[in-house]
Amino acid sequence: MKKIIGKIIEIILLVAGILLTVAIVIAIPLKSYHEYEDYLAKLLEASKPEPKPVLESISVELREGVRYFKNDLADPKPGDFVVTAHYTLEGVPYSEVVEEGKFSVVFPSDFYSVGGEVTVTYKKMTGVLNVELIPVMLESITVVKNPYKVRYQTGTSFDAEGMVLCAVYNDGSTKTIPAEKYAVDTKELTPADESVTISYTEGETTKTVAVSVSVSDILNDGAVVAMLLGDDAVVQSGSKLANTNMEISVIYESGNRRRLTKEEYTVSSGDTVAKLGKAYNITVSYNENPAISLTTGVIVRTTVEGEDGIIVGGKRSQEAEYAVVDGVITYTGKSVAFAGGFGGTVLKGGEGSLTLTVDSASAVVGNITMRCGNSYCCFVNGVDKTDGYRMLPLQINTILDLTVNGKPVAIPDSVVLKGTDINKDYQPLYCIYYEFTFENIALEAGTNTIKVSFKPSTVNAMTCWNESPSTLNIDYVNFDTVGNEIPDNFTIDQIELSSNYTVAVGGKISDIKPPVVAILANGSKVLVPSELFDFTVSGGQAGEVTTKYGKYTVTATLKSNPTVKASTDVEFVGIKILKASVEKEGDKVYYVFSGDCYGYTAEDLMFFNEAKMYDMIVEFTDSTITFKIDVTLLPPGTAIYPHLKVKGVNYYNGGANNNGDIRGNGLTFTNNQRITLGNQVYTIVREYEMPVLKITAAN
């Protein structure tokens, strides 16, 4: 009976509501009612959830102008590609270009030699681009230095002495052509000849260049009118200026030149003994006419043998020296004493380093050049031993760190140790030596300590023995300076800061004091004492004492004139995981990691264990990161050994191997930390120094 009465009441209320609505409609004018309808429609529309675009696919193409050549240098970077994401929004397609840094690039390990598929990943969507390497071809030859003789008498032949030719290739590389490798037209010259053709052949390609000449029936070179310096003037520290090594030629009235022997000229202040760090200007006079002279600055060089340094984790040794001559690896007949063999110690987690000292007469900016044997030995075509071995070009900052007087030096990517040609046996390849240079390095007055510290490859480079090329055989190190002479009347009104000399992550904020270089009126640059300046550092986090990953701006202000100032940015891009744990949030369990991070996005990071990738929830601040993996539904018996890829490269923090392990320096976690949820137990267990998550059934 109650149910029937209730039903009757519902019907009465419904009818009443309808009547009330009709009454309202009748009471509202028609125009107002339509406005009310529009209002309701807009209200309903606004309450709908915002439609989200759906990523359907991505496409990849090379950026305009980007080409890869068969020169062992093919190394795809994200900036080489244009990645387009294709979406649909409520069924309507649209596309947009993905910003660089939002996608990762992966390619085969032998891409450098054979090309192949480049795989681009953006938000778990992949695109593949097949890239063929372009053969390196000779494009042209150019005259770098004209021959000494440019004017000839009728009936004589072209003389190539003093001429330097350069071969130019389609990949932008160049090389000096040995005199015996190019062909010269040796016909007898006549006054009708205005040039001589020089030709050079490589394989099936021949290129020519015309060298201008002037021919007359009567030729008189006339008197010497000037002197000319050919290359840099270099003298060894501790040697007399008279022993400066340089190419000096005289110029005749005709325009022809002739190289002088050391007996034909005199160096002023020749008995002065050169010292590294001091400035020297020498005047060179022509003995037959001392009024004809030239003045030049001198590079002072100190050479330190690698085997004479302090060697940690390596050894002193000696080996036969080889060189590439006309494309053939040839024994030079000499031997090289070196410091090397650091790789084994480094790969075991030990220190591999070489420390050298050099004295400078003043605080100065100079160059450091190392002559080394390469260690990046790989099979040709990746894994096929039958084709032999080769040394790949080795990017120096990926295998070693450099400090000067305890302060880290930032090594540009452009500092590379040259590779070598193919050989059936790998042994001679280790015995071929080339030079590379660290430029604009600040040295202090007195004794300077230079330390080279080796590390596992930061780009996961591996030799054909599946080892990191974490060593070099170091023959010698040259220190070159041109002095630091500041004129007495010089006023400091323009300065710049060196960007290649900073503290490292974890170093003191107060130590961010790049060298200050004053720019003289003639454009030359000299190092000036840092005591003349106040340094301020901005950026990072307030109250920091030591640097973290992030961006800092350092400004030097001249104390005597605060309007003279210069700033430079010091940016530490990287990631370091500092803490691991397992945490419970409501009805979920998360595997959680946190640390310092700057310069990366969530798309740059991939968490994995063996072949399995895991989704992450990532949170960033300006310079920190926290990411967590939902492990709630993983079954008992699961064990996750944490690994991380950053932009497709295995994570490496300097205190572990370079397999991507999350472990090593600075990482903290509680062994046997445990959380129980439902019928499962989630435990952090220390294995291989890693915070391994193990999931078991609850008892």
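Taking the ring axis of F608 as reference, the NZ or CZ atom of K645 stays within 45° of it and closer than 6.0 Å to the ring centre. Figure legend: cation-pi geometry between K612 and Y614, with NZ or CZ positioned under 6.0 Å from the six-membered ring centre and within 45° of its axis.
A donor-acceptor contact closer than 3.5 angstrom is absent between the side chains of Y376 and Q395. There is a side-chain donor-acceptor pair under 3.5 Å between T555 and S567.
Under the 30°/60° scheme for interplanar angles, the aromatic rings of W465 and Y426 are found to stand perpendicular.
Checked by atom type and distance alone, the side chain of T420 pairs as donor or acceptor with a backbone atom of M391 at under 3.5 Å.
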Counting only pairs under 3.5 Å, give me each side-chain donor-acceptor contact of residues 670-677, with atom names and distances, residues two or more places apart or in other chains.
residue : atom : partner : partner atom : Å
N671    : OD1  : R686    : N            : 2.9
Q673    : OE1  : V582    : N            : 3.2
Q673    : NE2  : V582    : O            : 2.8

side-chain hydrogen bond (donor to acceptor under 3.5 Å, both in side chains) between Y68 and D80, worked out: CA-CA 10 Å; Y68 301 113; D80 296 345; 2.7 Å; yes

Verdict with supporting geometry, H86 and S57, side-chain hydrogen bond (donor to acceptor under 3.5 Å, both in side chains): CA-CA 5 Å; H86 305 286; S57 65; 4.8 Å; no

Test log, rule side-chain contact (heavy atoms from CB on, under 4.5 Å), inputs T553 and V537: CA-CA 6 Å; T553 299; V537 180; over 6 Å; no

Test side-chain hydrogen bond (donor to acceptor under 3.5 Å, both in side chains) applied to N659 and H643, step by step: CA-CA 8 Å; N659 295 329; H643 295 77; over 6 Å; no

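Look at K576 and D596 and you find no salt bridge, because none of the NZ, NE, NH1 or NH2 atoms lies under 4.0 Å from a carboxylate O.
Residues forming a ring pair (Phe, Tyr, Trp, His ring centres under 6.0 Å) with F627 (at least two apart in sequence, or on another chain): F593. The salt bridge (Lys or Arg N to Asp or Glu O under 4.0 Å) test applied to D171 returns no partner, not counting sequence neighbours.
Other residues, nucleotides and ligands contribute over 12 non-hydrogen atoms within 6.0 Å of the CD atom of E351.
One distance of note links CD of E435 with CG of L417; it measures 10.5 Å at 0.5 Å rounding.
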